[in-house]
Amino acid sequence: QVQLVESGGGLVQAGDSLELSCVPSGRIVGAYAVSWFRQAPGKEREFVAAIDYSGAMTYYADSVEGRFTISRDNAKKTVYLQMNSLKPEDAAVYYCASRPTYYRKTSGDQRTYSTWGQGTQVTVSS
């Protein structure tokens with residue numbers, strides 16, 4: 001079964017930048033949308049950002065709008081999350097997830113995603 005693999009997490013200071021990557025472990029047939037989610041200790045997993053297959057449509061959680069950028073390179077089968085001006089409250093395990101269709105209204109509904117990664121840890125020191 002195809003899974004997604006995240007990388008790029010690490011320990012940074014507040015105000016720093018970090019770029020996460022998400023690649024499938026195998027071949028995903030057809031077009032697919034990808035979203036990033038995150039889960040901080042003691043909190044529920046929350047939506048961060050979404051992108052359609054073409055890369056033309058993106059959507060962000062209010063908490064990261066203007067600081068984070070989601071993008072993709074389909075030739076490399078990679079989806080990125082560029083995180084700038086990181087804050088301590090951004091610290092979490094970040095997950096990418098895919099589903100066949102991009103639909104902004106349900107981007108945050110985790111039940112609609114069929115494939116997930118194992119997550120990558122982002123730690124932000126103050």
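- Expressed to the nearest 0.5 Å, how far CZ of Arg67 lies from CG of Leu86 amounts to 6.5 Å.
- Listed for the Glu46 side chain is no donor-acceptor partner under 3.5 Å among the backbone atoms of Ala61.
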Q.
side-chain contact (heavy atoms from CB on, under 4.5 Å), that's the test. Do Ile28 and Lys77 meet it? Break it down for me.
A. CA-CA 9 Å; Ile28 298 179; Lys77 297 180 174 54; over 6 Å; no

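- The two atoms that bring Ala50 and Ser35 nearest to each other are CB-OG, 3.1 Å, heavy atoms only.
- Taking the six-membered ring where tryptophan is involved, the planes of Phe68 and Tyr94 are tilted, since the angle between them lies from 30° to 60°.
- Linking Ile, Leu, Val, Met, Phe, Trp and Tyr residues whenever their side-chain heavy atoms come within less than 4.5 Å leaves Val64 and Met57 in two separate clusters.
- Counting heavy atoms from C-beta on, the side chains of Met83 and Asp90 never come closer than 4.5 Å.
- In the hydrophobic clustering of ILVMFWY residues, with side-chain heavy atoms under 4.5 Å counting as a link, Val93 and Phe37 come out together.
- Here the side chain of Ser21 pairs no donor or acceptor atom with the backbone of Ser7 at under 3.5 angstrom.
- Between Thr101 and Tyr53, every side-chain heavy-atom pair lies at or beyond the 4.5 Å cut-off.
- Around atom CD of Gln39, more than 12 heavy atoms belonging to other residues, nucleotides or ligands sit under 6.0 Å away.
- Between Thr58 atom OG1 and Glu65 atom CD the span is 8.0 Å, to the nearest 0.5 Å.
- The distance from atom CG of Asp52 to atom OG of Ser107, rounded to the nearest 0.5 Å, is 10.0 Å.
- The closest side-chain heavy-atom distance from Glu6 to Trp36 is below 4.5 Å.
- For Arg99 and Tyr113, the positive end sits near the middle of the six-membered ring, less than 6.0 Å away and at most 45° from its axis.
- Proximity of Ser63 to Arg38: side-chain heavy atoms (C-beta onward) are separated by under 4.5 Å at one or more points.
- Residues Val34 and Val2 share a single hydrophobic cluster, defined by chaining ILVMFWY side chains whose heavy atoms lie under 4.5 Å apart.
- Heavy-atom minimum distance, Ala91 versus Thr123: CB-CA, 4.2 Å.
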Go through it in stages, so that I can follow the logic: the residues are Tyr60 and Thr69, the test is side-chain contact (heavy atoms from CB on, under 4.5 Å), and I'd like the CA-CA distance, side-chain angles, deciding distance and then a yes or no. CA-CA 8 Å; Tyr60 299 93; Thr69 302; 3.8 Å; yes

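- For the atom pair OG1 (Thr120) and CG (Leu18), the distance works out to 8.0 Å, reported to the nearest 0.5 Å.
- Using a distance-only test at 3.5 Å, with no hydrogens or angles considered, no donor-acceptor pair links the side chain of Arg72 to the main chain of Ala33.
- Two rings, from Tyr102 and Tyr59, have their centers 6.0 Å or more apart.
- Using cut-offs of 30° and 60° for the angle between ring planes, the Tyr95 and Trp116 rings count as perpendicular.
- Tyr80 and Phe47 fall into different hydrophobic clusters, where Ile, Leu, Val, Met, Phe, Trp and Tyr side chains are chained together by heavy-atom contacts under 4.5 Å.
- Atom OG of Ser71 is separated from atom CD of Glu19 by 6.5 Å, given to the nearest 0.5 angstrom.
- For the pair Val79 and Leu4, the minimum side-chain heavy-atom distance is 4.5 Å or more.
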